[in-house]
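The structure displayed is predicted, hence computed values, not measured ones.
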Amino acid sequence: WFNISLSGQPTINRFLAKLGSIYGSHATIDLKSASDLNSQRFMSWFLPPKMYKPLDSVRAKCIELPDGNIYELGTFSTMGNGFTFPLQTLVFASIVEAAYEELGIPTWNFEALPAFSVFGDDIICVKSAYDKVITLLEWCGFLVNKTKSFNSGCFRESCGSDFYKGHDVRGIYIKKLYHETHFYSVFNRLTRWSIRQRIDLG
């Protein structure tokens with residue numbers, strides 16, 4: 001329905017983010033703890049019964065702690081559950097499409113480009129739909145990280161790439177450096193960055 005393929009969607013997201021950084025045509029939206037906010041109550045309301053019932057039948061509905069207490073889970077599915085990521089993609093794409101329909105924006109294409117792109121909680125929409133998409137996301141109980149969502153200026157971020165005026169300006173982040181393999185990883189990533197940015201790190 002949305003013409004989304006999880007295997008190729010990151011490439012489309014990065015392409016649209018790059019265009020947005022050059023022309024301001026597309027906005028990127030980042031969410032906080034998206035998978036943790038997929039509540040059971042929301043999903044039972046949002047999904048049609050034919051889809052909700054089989055998904056609900058295979059999810060863990062409660063947990064038992066070492067002390068024997070049993071707690072019911074309010075989250076429908078978290079990361080680690082095999083269907084969480086595709087389900088997120090479907091939910092957020094539906095929300096974006098609803099915003100487009102309310103605004104009268106075509107949902108199939110936009111001047112020969114994809115009208116929007118969703119990969120998990122990585123959302124890209126046209127600039128004019130940004131505020132409406134955010135309003136609907138928040139109405140559905142999701143938290144928009146507005147410090148990492150971009151609809152103006154020359155910077156966009158999506159699927160691990162940071163673009164400024166069309167240039168990939170993503171840095172190299174060194175989080176671990178205590179094992180020999182970490183040094184090789186850093187060396188390889190810095191080498192790729194050096195080649196891509198044409199900056200000598202000799």
Under 3.5 Å side-chain donor-acceptor pair for E101 and T107: no
Closest approach of C159 to R14 (non-hydrogen atoms, all atoms of both residues):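 Looking at all heavy atoms of both residues, the closest pair is O-NH1, 3.0 Å.
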Joint cluster assignment, L143 & L31, ILVMFWY side-chain distance < 4.5 Å: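 In one cluster with L143: L31, yes.
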Heavy atoms of other groups near Y23 OH, more than 12 under 6.0 Å: no
For the student: nearest non-hydrogen atoms of R196 and R170, plus distance: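 Of all heavy-atom pairs spanning R196 and R170, the closest is NH2-O, 3.7 Å.
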Polar side-chain atom of H179 near backbone of T181 as donor-acceptor pair, under 3.5 Å: yes
Residue pair L55 / M43, side-chain heavy-atom distance below 4.5 Å: no
N/O donor-acceptor pair under 3.5 Å between S21 side chain and G166 backbone: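 Checked: pair present.
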Parallel, tilted or perpendicular: rings of H182 and Y178 (30°, 60°):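 Aromatic pair Y178/H182 classed perpendicular.
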Non-hydrogen side-chain atoms of Y130 and K127 separated by less than 4.5 Å: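 They are not in side-chain contact.
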Beyond-backbone contact of P114 with I12, side-chain heavy atoms, under 4.5 angstrom: yes
Polar side-chain atom of K61 near backbone of D56 as donor-acceptor pair, under 3.5 Å: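 Yes, because the side chain of K61 sits within donor-acceptor range (under 3.5 Å) of the backbone of D56.
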Under 3.5 Å: donor-acceptor pair, side chain of R189, backbone of Y173: yes
Backbone of L65 reached by a side-chain donor or acceptor of Y71 within 3.5 Å: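 Between the backbone of L65 and the side chain of Y71 there is no qualifying donor-acceptor contact (under 3.5 Å).
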Minimum heavy-atom distance between N151 and A27, given as atom pair plus value: OD1-CB, 3.1 Å
Check: L6 and P86 side chains under 4.5 Å, non-hydrogen atoms: yes
Atom NZ of K165 with >12 non-hydrogen neighbours under 6.0 angstrom: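 Count not over threshold, so no.
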Close side-chain approach of Q40 to E72, heavy-atom, < 4.5 Å: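 Not in contact.
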Side-chain heavy-atom pair S77, L87 within 4.5 angstrom cut-off: yes
Separation between CG of L37 and SG of C140, rounded to the nearest 0.5 Å: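 Separation between the atoms: 11.5 Å.
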Common cluster, F46/I123, ILVMFWY with side-chain heavy-atom separation under 4.5 Å: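 Looking at the clustering, I123 is in the same group as F46.
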Same cluster (ILVMFWY, side-chain, under 4.5 Å), L177 and L190: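 Shared cluster, yes.
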ring-ring contact (aromatic ring centres under 6.0 Å, His included), paired with F76, selected from Y52, W45, F42: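 Only one option passes, and that is Y52.
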Centroid-centroid under 6.0 Å between F163 and F150 rings: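 Judged by ring-centre distance (under 6.0 Å), F163 and F150 do not meet the cut-off.
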Whether over 12 other heavy atoms sit under 6.0 Å from D36 CG: yes
From CA spacing to verdict: side-chain contact (heavy atoms from CB on, under 4.5 Å), F85, M79: CA-CA 7 Å; F85 197 83; M79 294 314 290; 4.2 Å; yes
F83 vs V58 side-chain heavy atoms within contact, under 4.5 Å: yes
Centroid-centroid under 6.0 Å between F92 and F116 rings: no
R156 versus G153, closest heavy-atom pair with distance: NH1-O, 3.2 Å
Exercise: identify the closest heavy-atom pair between D168 and Q197: O-NE2, 2.5 Å
Enclosure of Y164 OH (heavy-atom neighbours >12, cutoff 6.0 Å):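 It does not: Y164 OH has 12 such atoms or fewer within range.
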Closest approach of S194 to D200 (non-hydrogen atoms, all atoms of both residues): OG-CA, 4.1 Å
Any L90 side-chain heavy atom under 4.5 Å of F2 side chain: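 The answer is yes; the side chains approach within 4.5 Å.
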Heavy-atom neighbours of K50 NZ exceed 12 at 6.0 Å: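 At most 12 heavy atoms, drawn from other residues, nucleotides or ligands, come within 6.0 Å of this atom.
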Check: N38 side chain, T84 main-chain N or O, donor-acceptor pair, under 3.5 Å: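 Flag not set: sc N38 to bb T84 has no pair under 3.5 Å.
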